[in-house]
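Below: the structure, in structure tokens.
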Amino acid sequence: MKKILSMVAAVAILSSVASAELLKNFKHTGSLEVNAYNVNNADFDKNTDDKSGDVDTRLMLDMSFDLNDDASAVVSVVKNNRQWGTAQEDANTIQTNLVFEQAYLNLKGVMGMDHKLGRQYYGKEGDMVIYFGPQRWPYIPAVIPVSALDAWVGTYKYNDWTFTALLGKITGATGDMGRNISGIDVKTKINRFDLNAYYYYKVDNVASPADKLGVIGLRANWECMFLKDLNLAVEYDKNLGKDDTYAKYKGYAYKLNADYKMDLAGKIGFNAEYTYMSGEKAGADVKLYTPIKIDYRPGIIANGFGVPIAYTTAVGTGYKGIHLGANWTPSAMEKLNIAATYYNMKVAEKNLGMKDTLGNEVDLVATWKHSDNLSLKGYYAMLKPEKDNAGTDDAYTALGAAFVLKF
């Protein structure tokens with residue numbers, strides 16, 4: 001509660017300054033997220049008593065204001081360090097743990113482009129290539145992460161085309177000057193197709209040889225003209241460049257999606273996904289798919305809570321998965337959505353004598369959307385591992401509730 005009061009006080013002070021027009025057009029938005037959960041059998045051994053539970057919180061505040069007619073500023077403050085049940089924090093500790101994740105200028109229409117300069121979020125949640133920003137659902141326990149990068153981002157729009165350029169830096173190894181990230185992203189819409197092509201490049205600022213990773217890719221989304229409410233999507237990503245041993249990056253990934261909506265005592269939706277990320281094979285080159293900064297995390301347990309068992313994190317295995325889901329919003333309770341998702345998870349390469357199947361996960365989620373600003377989820381997840389790999393098929397389960405308040 002102290003952290004909330006501190007943030008409210010900060011907003012009140014800045015709002016007072018804004019009312020004096022020292023901060024013109026001052027606006028603020030934010031969110032408070034609470035994730036409460038119990039997990040059982042996290043070691044996949046039902047003969048040991050390892051039930052545990054925690055409550056994690058994340059508070060985010062985004063503030064924007066105009067500097068003049070040509071420029072505005074955005075500042076984002078995040079506090080996500082504390083779990084319920086740990087010691088209280090005094091004002092100094094709270095101040096220490098208030099992290100300024102974003103602080104950038106937005107220059108409007110300079111040379112026909114919009115420019116963002118400074119520390120900022122970038123990309124789309126769940127992306128297989130690059131994403132810097134708050135990780136959303138499924139939440140990772142203990143600390144609900146937020147990341148950002150220092151960058152210039154330029155955006156130019158022409159008719160149905162949007163061009164985005166990125167030049168930035170992220171933290172590197174101790175003692176070096178960080179890693180450079182650059183990229184170009186092009187989006188357009190042609191008839192019923194949404195098309196997106198991109199290229200991103202990351203290089204370490206260290207003595208030669210430096211690690212130089214590239215990812216080039218294409219996404220396409222299609223609204224089917226033959227069957228209403230059917231949407232199809234495809235993505236393909238290819239690695240380029242060389243690592244610090246001069247080995248070539250030759251990994252690749254692709255993803256196929258389909259979703260369909262229909263009326264059945266309310267609104268019902270079906271979705272299917274197949275994902276493939278190449279694994280390592282024998283040879284001098286790097287054939288494992290390597291992203292710039294991935295946020296693709298299917299499954300509440302497998303890629304949310306994380307699975308502390310060696311076979312799921314064996315280097316070079318890659319990933320291939322089939323995900324099938326359905327959700328229903330009953331007409332009698334339009335604020336309620338019930339969803340079920342099945343994940344079959346396999347490795348792309350059967351290294352270390354492994355079977356290809358990692359395991360199967362089932363997620364059940366009920367979401368109550370009280371309003372655009374307040375929602376809550378109740379969820380249950382079960383991951384059953386492949387016994388031939390893990391030495392056990394005892395299931396890992398999670399039961400929880402997540403609250404999101406936007407303001």
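Note that the structure is predicted; figures quoted are calculated from it, not measured.
Residues forming a side chain to side chain contact (heavy atoms under 4.5 Å, CB included) with P134 (at least two apart in sequence, or on another chain): R58, M60, Y121, Y131, R136, V146.
Here the closest non-hydrogen pair linking A381 and I300 is CB-CB, 3.9 Å. Listed here is the closest heavy atom pair of E349 and E280: CG-O, 3.3 Å.
The six-membered or imidazole ring of Y289 lies away from that of Y252, with a centre-to-centre distance of 6.0 Å or more.
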Open item on the list: Assess the residue pair D185 and K187 against the criterion (salt bridge (charged side-chain N to carboxylate O under 4.0 Å, His left out)); give the C-alpha distance rounded to whole Å, side-chain angles, the decisive distance to 0.1 Å, and a yes or no.
Closed with: CA-CA 7 Å; D185 183 285; K187 294 183 175 72; 2.9 Å; yes
Task: Trace of the side chain to side chain donor-acceptor pair (under 3.5 Å) decision for D66 with S72 - done: CA-CA 4 Å; D66 289 345; S72 60; 4.5 Å; no
TODO: Could you give me the CA-CA distance, side-chain angles and deciding distance for T162 and Y156, then say whether side chain to side chain donor-acceptor pair (under 3.5 Å) is met?
DONE: CA-CA 6 Å; T162 300; Y156 174 74; over 6 Å; no
TODO: Take D285 and K250, measure what salt bridge (charged side-chain N to carboxylate O under 4.0 Å, His left out) needs, and give me the verdict at the end.
DONE: CA-CA 7 Å; D285 295 326; K250 290 189 174 181; 3.2 Å; yes
Task: Residues V143, N81; criterion side chain to side chain contact (heavy atoms under 4.5 Å, CB included); working and verdict - done: CA-CA 6 Å; V143 175; N81 67 299; 5.9 Å; no
Task: Steps toward side chain to side chain contact (heavy atoms under 4.5 Å, CB included) verdict (Y198, L218) - done: CA-CA 7 Å; Y198 44 88; L218 176 68; 5.7 Å; no
TODO: Take R219 and D127, measure what salt bridge (charged side-chain N to carboxylate O under 4.0 Å, His left out) needs, and give me the verdict at the end.
DONE: CA-CA 11 Å; R219 300 186 184 105; D127 199 277; 2.5 Å; yes
TODO: Using the side chain to side chain contact (heavy atoms under 4.5 Å, CB included) rule, take I292 and I181 through it: C-alpha gap first, then chi angles, then the decisive distance, then the call.
DONE: CA-CA 8 Å; I292 302 295; I181 294 181; 4.0 Å; yes
- [ ] Could you walk me through whether K261 and F270 pass the side chain to side chain contact (heavy atoms under 4.5 Å, CB included) test, one step at a time?
- [x] CA-CA 6 Å; K261 298 177 182 178; F270 302 93; over 6 Å; no
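With a 4.5 Å cut-off on side-chain heavy atoms, M333 and K335 do not count as touching.
In this structure, CZ on R119 lies 11.0 Å from OG on S76, to the nearest 0.5 angstrom. The structure places NE2 of H370 at 9.5 Å from CG of L376, a figure rounded to the nearest 0.5 Å. Rounding to the nearest 0.5 angstrom, the gap separating the CG atom in L61 from the NE2 atom in H28 is 7.5 Å. How far CG of L149 is from CD1 of I170: 7.5 Å, rounded to the nearest 0.5 Å. Rounded to the nearest 0.5 Å, atoms CD1 (I301) and CE (M382) are 8.5 Å apart.
In this pair, W161 and F163 present their aromatic rings parallel. The plane angle is below 30°, not in the 30 to 60° band. Taking the six-membered ring where the residue is Trp, Y122 and Y200 present perpendicular rings, their angle passing 60° and hence far from 30°.
D372 has a carboxylate O that lies under 4.0 Å from a charged side-chain N of K369, or vice versa, which qualifies the two as a salt bridge. By the 4.0 Å N-to-carboxylate-O rule, D114 lies too far from K108 to be salt-bridged with it. A salt bridge links E89 with K79: the closest approach of a Lys/Arg side-chain nitrogen to an acidic carboxylate oxygen falls below 4.0 angstrom. Looking at K189 and D194, a side-chain N of the basic residue comes within less than 4.0 Å of a carboxylate O on the acidic one, giving a salt bridge. A salt bridge is defined here as a Lys NZ or Arg NE, NH1 or NH2 lying under 4.0 Å from an Asp or Glu carboxylate O, and D229 with K267 fails to meet this definition.
Of the candidates Y319, Y254, Y296, Y296 is the only one forming a side chain to side chain donor-acceptor pair (under 3.5 Å) with T275.
Under the 6.0 Å distance and 45° angle rule, K377 counts as a cation-pi partner of W137. Because its NZ or CZ atom is not both nearer than 6.0 Å to the ring centre of F65 and within 45° of the ring axis, K27 does not count as a cation-pi partner of that residue.
Annotation for Q83: atom CD counts as buried by contact number, over 12 foreign heavy atoms lying within 6.0 Å. Atom NZ of K287 is surrounded by more than 12 heavy atoms from other residues, nucleotides or ligands within 6.0 Å. In this structure, K238 places its NZ atom where more than 12 heavy-atom neighbours from other residues, nucleotides or ligands lie under 6.0 Å away. The environment of N68 atom CG is dense: over 12 non-hydrogen atoms of other residues, nucleotides or ligands sit within 6.0 angstrom.
In the model, N40 has no side-chain atom that pairs as donor or acceptor with a side-chain atom of K51 under 3.5 Å.
One N or O on the side chain of E361 and one on the backbone of A302 form a donor-acceptor pair closer than 3.5 Å.
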